[in-house]
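Here is the naming used below: chain letters follow the sequence lines, and residue numbers restart at 1 for every chain.
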Protein chains: 2
Amino acid sequence: MAELLSTTYTRADEAFDCLQTAIVKGELAPGEKIGELELCSRFNLTRGPLREALGRLESRGLLVRRPHAGVKVVSVSASELMELYRIREVMEGLAARQAAERMTDQEIADLQATLDTHERMIDEAQGQAYYQAEGDYDFHHRIATGSRNTKLAQMLLGDLYYMVRMYRYRLSTSTGRPQRALGEHRRIVEAIAQRDGELAEFLMKRHINAARQNIERKIEEGELTI
Amino acid sequence: MAELLSTTYTRADEAFDCLQTAIVKGELAPGEKIGELELCSRFNLTRGPLREALGRLESRGLLVRRPHAGVKVVSVSASELMELYRIREVMEGLAARQAAERMTDQEIADLQATLDTHERMIDEAQGQAYYQAEGDYDFHHRIATGSRNTKLAQMLLGDLYYMVRMYRYRLSTSTGRPQRALGEHRRIVEAIAQRDGELAEFLMKRHINAARQNIERKIEEGELTI
DNA sequence: TTAGCCAATATTGTTGACAATATGATCGCT
DNA sequence: AGCGATCATATTGTCAACAATATTGGCTAA
């Protein structure tokens, strides 16, 4: 189960994907100190590719490595998670502004269709979890790529989202407010459709700020523990 | 020339540093396809640590790797360089705002002293190049760390700065305007000293925006070619 | 009893050899 | 003569053994 992609898929890539999803899904607990050979047997890998993957993961900030002492998954504190949302706020605001300037009409139409799908899922109620977990990231993913800013998309999709998703899985109890979030999404897309970059940036920043405050409040109320 | 740091320094770290500085200084030209064994002989390394370093560099976006085809240094177009400045604008704006809220009085005093040093260097005229190359990054570096936002500092210092510095070296003819930049720096520090985060963010964004427009203009005038 | 030191051990870092694959040139065919 | 396929080569990907080092447990001494 490897040669599915047209481009050749090396063992190191496989190791990287396995470890990344394992960390994101919480199968490797934060703060857990884990040995290389244990990881090898667990994912049927050999140490060479594994070490290369570990280097990449470390450079992405998902784990830390002390020489001769082993690797351990990063444990992000509540305050650090809030800092991630501050970064998302400004970066996704920029992405929304540039997306308003550069997305094609077709992409915008697809984005609106995506929101329709999300709405149906929310109406069918059982889709709440899906909406929060996947739908939300689908929306933000499209805007990041729509910005046509390669490095921006790379940083958002490659670095930040995995850190945030890691905690979305952990505090799996959906953070609520799907209807309100959908409304915010709709207004952002409207601004993009009207090519109003300034408004799109403002709305996106406020949207992420609201999500941050929502999580912050739940943490303070003790509903979520990190 | 290796065991200088208190923490143990592995060959992979050495390889990573060597390659990174080589790329930044332009010793490895962008677009250049380079073999692993050539890199090994050039930096007195063996392939294991080298490959680990290559993985890290790739994940940071400084080079691309195609399986069985070799690595090549990324070549950033002029428009992509401008996109990097857009990202810097929002991220460093956030850094300035958080620095205004969180830097200690001592750190702010040090920052002001740093600017005095820069001013002396500019007055002594020959320091122009230094100021632009190192002094500017010293200033931005201090603010990034002063934000107390670990991930933000990591992304700015680890990813963006190396990409930008890479082109600062290339278009080595100092991009000019040191006096104006120094004045902008001073005003940013004043806002931080007054704990006015909103103003600090505004001034920082305008500062970076000005730097971007300056480069953009020089490129259009043909003074700089990328 | 506890604190500090030392050694054994297990883990990581490194190395060199082996296997798989993309590239480039040569040869044959149209 | 131009184009395509095939094969040799060189480079990368992978593996397993060796060396170096941090940790852990035990021991000694205060």
Side-chain angles (χ1 to χ4, degrees), chain A residues 1-20 22-23 28-75, chain B residues 1-20 22-23 28-75:
Chain A
M1 66 175 217
E3 277 78 23
L4 295 165
L5 284 79
S6 58
T7 175
T8 50
Y9 197 64
T10 86
R11 295 291 176 92
D13 294 327
E14 186 184 337
F16 181 75
D17 291 340
C18 284
L19 287 175
Q20 182 158 263
I23 291 173
L28 268 52
E32 184 179 356
K33 198 182 76 174
I34 190 139
E36 290 186 359
L37 42 87
E38 186 178 343
L39 289 171
C40 288
S41 63
R42 196 153 153 183
F43 296 100
N44 277 60
L45 295 164
T46 165
R47 282 187 61 212
L50 178 84
R51 285 180 58 80
E52 197 174 322
L54 290 178
R56 283 197 243 174
L57 269 300
E58 183 190 26
S59 137
R60 289 207 175 179
L62 270 76
L63 51 81
V64 293
R65 261 169 119 181
R66 267 195 351 213
H68 296 281
V71 304
K72 72 173 208 263
V73 181
V74 293
S75 61
Chain B
M1 64 174 220
E3 276 78 24
L4 295 165
L5 285 78
S6 60
T7 176
T8 50
Y9 198 66
T10 92
R11 294 292 176 93
D13 294 327
E14 186 184 337
F16 181 75
D17 291 341
C18 283
L19 287 175
Q20 181 157 265
I23 292 173
L28 269 52
E32 184 179 356
K33 197 182 77 174
I34 191 139
E36 289 186 0
L37 43 86
E38 186 179 343
L39 288 172
C40 288
S41 63
R42 196 154 153 184
F43 295 101
N44 276 61
L45 294 164
T46 163
R47 281 187 63 212
L50 178 84
R51 285 180 59 79
E52 197 173 322
L54 290 179
R56 284 197 244 175
L57 269 301
E58 183 190 25
S59 137
R60 289 206 175 179
L62 269 75
L63 51 83
V64 293
R65 259 170 122 182
R66 266 194 354 212
H68 295 282
V71 304
K72 71 173 207 258
V73 181
V74 293
S75 62

- With the side chain counted from C-beta on, respond yes when A:L45 and A:L39 share a heavy-atom pair under 4.5 Å apart, and no when they do not.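 Result no, sub-4.5 Å side-chain heavy-atom pair not found.
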- Task: Mind listing the closest non-hydrogen atom pair of B:A53 and B:F16 along with its distance?
- Result: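 Where B:A53 meets B:F16 most closely, the heavy atoms are CB-N, 3.6 Å.
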How close or far is atom [atom2] of [N] from atom [atom1] of [X], stated in whole angstroms?
| X | N | atom1 | atom2 | answer |
| --- | --- | --- | --- | --- |
| A:R11 | D:dG13 | CZ | P | 13 Å |
| B:E52 | C:dT14 | CD | P | 8 Å |
| B:L54 | D:dT11 | CG | C1' | 13 Å |
| A:E58 | C:dT12 | CD | P | 14 Å |
| A:R65 | C:dT14 | CZ | C1' | 13 Å |
| A:L37 | C:dT11 | CG | C1' | 7 Å |
| B:F16 | C:dG13 | CZ | P | 16 Å |
| B:L50 | D:dT11 | CG | C1' | 13 Å |

Could you list, one pair per line, each protein nitrogen or oxygen that sits under 3.5 Å from a nitrogen or oxygen of nucleotides 16-21 of chain D, together with the distance?
from, atom 1, to, atom 2, distance (Å)
D:dT21, O4', A:H68, ND1, 3.4

Distance-only check: which donor-acceptor pairs under 3.5 Å involve side-chain atoms of residues 28-38 of chain A, not counting sequence neighbours?
from, atom 1, to, atom 2, distance (Å)
A:E32, OE1, A:A29, N, 2.8
A:E36, OE1, A:R47, NE, 2.9
A:E36, OE1, A:R47, NH2, 3.1
A:E36, OE2, A:R51, NH1, 2.9

- Message: Is there a side-chain contact between A:R51 and the phosphate of C:dT12, meaning an N or O under 4.0 Å from OP1 or OP2?
- Response: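 False: A:R51 side-chain N/O out of range (4.0 Å or more) of C:dT12 OP1/OP2.
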- Task: Ignoring backbone atoms, test whether A:R66 places a side-chain nitrogen or oxygen under 4.0 Å from the OP1 or OP2 oxygen of D:dT23.
- Result: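 So the side chain of A:R66 is within the cut-off, an N or O lying under 4.0 Å from OP1 or OP2 of D:dT23.
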- Go through D:dT23, C:dT23, C:dT14 for me and flag the one nearest to the B:A69 side chain.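 Of the options given, the side chain of B:A69 lies nearest C:dT23.
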- Of the nucleotides C:dT11, C:dT14, D:dT14, which one has an atom closest to the side chain of A:P49?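 Per side-chain heavy atoms of A:P49, the pick is D:dT14.
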- Query: Going through the checks in order, is the side-chain contact (heavy atoms from CB on, under 4.5 Å) test met by B:L50 and B:L19?
  - Reply: CA-CA 9 Å; B:L50 178 84; B:L19 287 175; 4.0 Å; yes
- Task: Tell me, with the steps shown, if B:R11 and B:N44 meet side-chain contact (heavy atoms from CB on, under 4.5 Å).
- Result: CA-CA 10 Å; B:R11 294 292 176 93; B:N44 276 61; over 6 Å; no
Under 3.5 Å, which donor-acceptor pairs link side chains of residues 58-67 of chain A to any protein atom two or more places apart or in another chain?
from, atom 1, to, atom 2, distance (Å)
A:S59, OG, B:S59, OG, 2.9
A:R60, NH1, A:G158, O, 3.2
A:R65, NH1, B:E52, OE2, 2.9
A:R65, NH2, B:E52, OE2, 3.4

